[in-house]
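To start, the structure itself, in structure tokens.
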Amino acid sequence: MQYLLSGDSLVLDQALCNGCGRCEEVCPHAVYSVVNRKAVVANRGNCMQCGACRMNCPAGAIAVSTGVGCAAAIIGAMRRGDGGGASCDCA
Amino acid sequence: MDKVSCGCGGGSPVQLTHIEMQAGPAPVLSTVVMWRDVLGGWRVRWGMGRMRYRVAPGLYRVGEPDKQSPVLVTANYKLTVDAVRRELAGLSVWLLVLDTKGVNVWCAAGKGTFGTAELVRRVEAANLAGVVEHRNLIVPQLGATGVAAHEVKRSTGFTVRYGPVRAGDIRAYLAGGMKATPAMRRIAFGWKDRLILAPVEVVGVLKPAIVILAALTVLDVLRYRSLSWRVAADFAPFLAAMFAGGVLTPLLLPWLPSRVFAIKGAVAGAVCVAAALIALPGGAIAAAGTALVAIAIASYMGMMFTGSTTFTNFAGARLEVRRALPPIVVAAALGAVLRVAAAFV
Ligand code: SF4
Ligand code: SF4
């Protein structure tokens with residue numbers, strides 16, 4: 001399933017990519033495939049912007065803005081007057 | 001920080017029912033999940049005692065692990081540990097439990113408590129390099145949001161291998177020589193996964209629901225000068241709306257129209273509320289007011305489900321809240337005015 005703005009902020013700099021395949025390994029939505037030792041964004045619309053690929057790219061080739069896709073957390077942050085500070089208050 | 005419920009835990013440590021201490025470097029963890037554990041799981045999902053559902057962090061032995069046995073990493077949320085140990089019956093592995101403050105792997109990785117620093121700290125505290133001869137850590141794939149594999153390698157010498165998303169695939173993953181198939185890497189989010197979250201949604205609106213039902217009772221008494229069967233008939237559309245928003249929306253998520261959860265909730269709500277109003281008809285103004293409030297509730301509950309899914313993102317959810325919240329509030333306010341007016345005409 002896809003959501004509003006899915007994958008919008010995902011940027012891959014192929015020039016930096018060393019083809020290690022970590023992004024493909026960690027992505028839970030099969031967004032990447034590695035072709036000829038270069039990562040390719042194959043299914044951008046499935047990306048939930050979790051940041052696992054950015055976190056695990058040893059070459060720093062991936063940028064993506066992350067955050068919880070949770071209306072309750074966003075409304076909570078709005079009520080505190082904190083527009084960018086939505087966090088999942090799981091604990 | 002305000003409390004936003006998303007079904008995870010926190011609080012002071014609780015010991016597992018069946019940890020026996022034994023001679024050796026790590027306590028033994030049983031793979032048998034008792035009925036008490038299962039019952040506890042239900043209580044947590046229904047929001048009771050959620051704050052105390054932790055396992056003490058550290059290294060545990062499952063079965064009879066030796067220097068070659070694999071090391072699995074997990075969070076110290078008890079439901080997570082239960083889900084993992086249930087799958088390990090008959091196997092001999094080490095289980096390294098990180099201190100995530102009683103929060104599951106996915107939520108904790110998002111916060112960074114299931115993260116590189118905590119993993120490195122636990123590997124060192126358990127002297128893992130002396131306990132096993134190999135240098136592999138099996139980290140659940142959903143922990144990848146918090147763990148940078150290359151940094152763990154640099155700090156500890158251990159190679160992070162991302163295991164399957166689901167605990168149920170651990171056995172097959174280990175049997176297959178620590179190779180995850182593409183299916184093991186995907187988040188499926190099937191109807192069972194969605195339905196199990198329904199209690200969280202329903203409990204979330206319980207307090208406002210009681211307020212609304214109490215207000216309805218007062219309005220009915222004002223209108224009819226007595227408590228009558230009509231009160232029960234008046235409740236029906238609101239209960240239908242809660243069912244639509246809290247149960248039907250999660251269940252029918254892929255088939256309800258639009259990518260916007262508030263619209264999915266409103267559509268499910270409109271159908272259920274209409275059915276309730278047709279089954280138990282009343283005055284036109286009261287019905288219009290009821291419909292507006294009830295559909296607003298279903299829509300709001302639908303929107304809240306964004307936090308329980310596995311494919312929403314922050315920017316999209318923020319856009320949805322900005323676009324959907326004002327009409328929801330206006331509809332609910334207008335509906336309340338109509339409903340009060342109907343009590344006096
Ligand atoms: S993780 Fe980074 S370097 Fe490795 S394949 Fe993906 S983009 Fe390329
Ligand atoms: S942000 Fe998450 S979902 Fe998106 S491509 Fe990276 S790992 Fe996949």
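Just so it is clear: chains get the letters A, B, ... in the order the sequence lines come, proteins before strands, and each one is counted from 1.
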Non-hydrogen side-chain atoms of [X] and [Y] separated by less than 4.5 Å:
X	Y	result
Gln2(A)	Arg259(B)	yes
Ile75(A)	Tyr300(B)	yes
Ile187(B)	His29(A)	yes
Arg185(B)	Val26(A)	no
Asn56(A)	Tyr162(B)	yes
Cys50(A)	Trp106(B)	yes
Phe314(B)	Leu5(A)	no
Gln141(B)	Pro28(A)	yes

Among [options], which residue has the highest count of heavy-atom pairs closer than 4.5 Å to chain A?
options	result
Pro254(B), Ala108(B), Gly110(B)	Pro254(B)
Thr309(B), Leu253(B), Thr113(B)	Leu253(B)
Val165(B), Thr310(B), Leu325(B)	Thr310(B)
Leu142(B), Leu319(B), Val260(B), Val147(B)	Val147(B)

Can you tell which part of [X] gets under 4.5 Å to a heavy atom of chain A, answering side chain, backbone, both or neither?
X	value
Arg161(B)	backbone
Thr116(B)	side chain
Phe305(B)	neither

Atom group of [X] that falls short of 4.5 Å from chain B, counting heavy atoms:
X	answer
Cys53(A)	neither
Arg22(A)	side chain
Cys20(A)	neither

Take a 6.0 Å sphere around CZ of Arg323(B) and say whether it holds more than 12 heavy atoms from other residues, nucleotides or ligands.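 Open: at most 12 neighbouring heavy atoms sit under 6.0 Å from CZ of Arg323(B).
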Hey, could you give me the OG/CG distance between Ser9(A) and Asn313(B), rounded to the nearest 0.5 Å? 7.5 Å
Would you be so kind as to tabulate the donor-acceptor pairs closer than 3.5 Å made by side chains of residues 30-40 of chain A, with sequence neighbours excluded?
| residue | atom | partner | partner atom | Å |
| --- | --- | --- | --- | --- |
| Arg37(A) | NH2 | Asn18(A) | O | 3.2 |
| Lys38(A) | NZ | Gln14(A) | O | 2.8 |
| Lys38(A) | NZ | Cys17(A) | O | 2.9 |

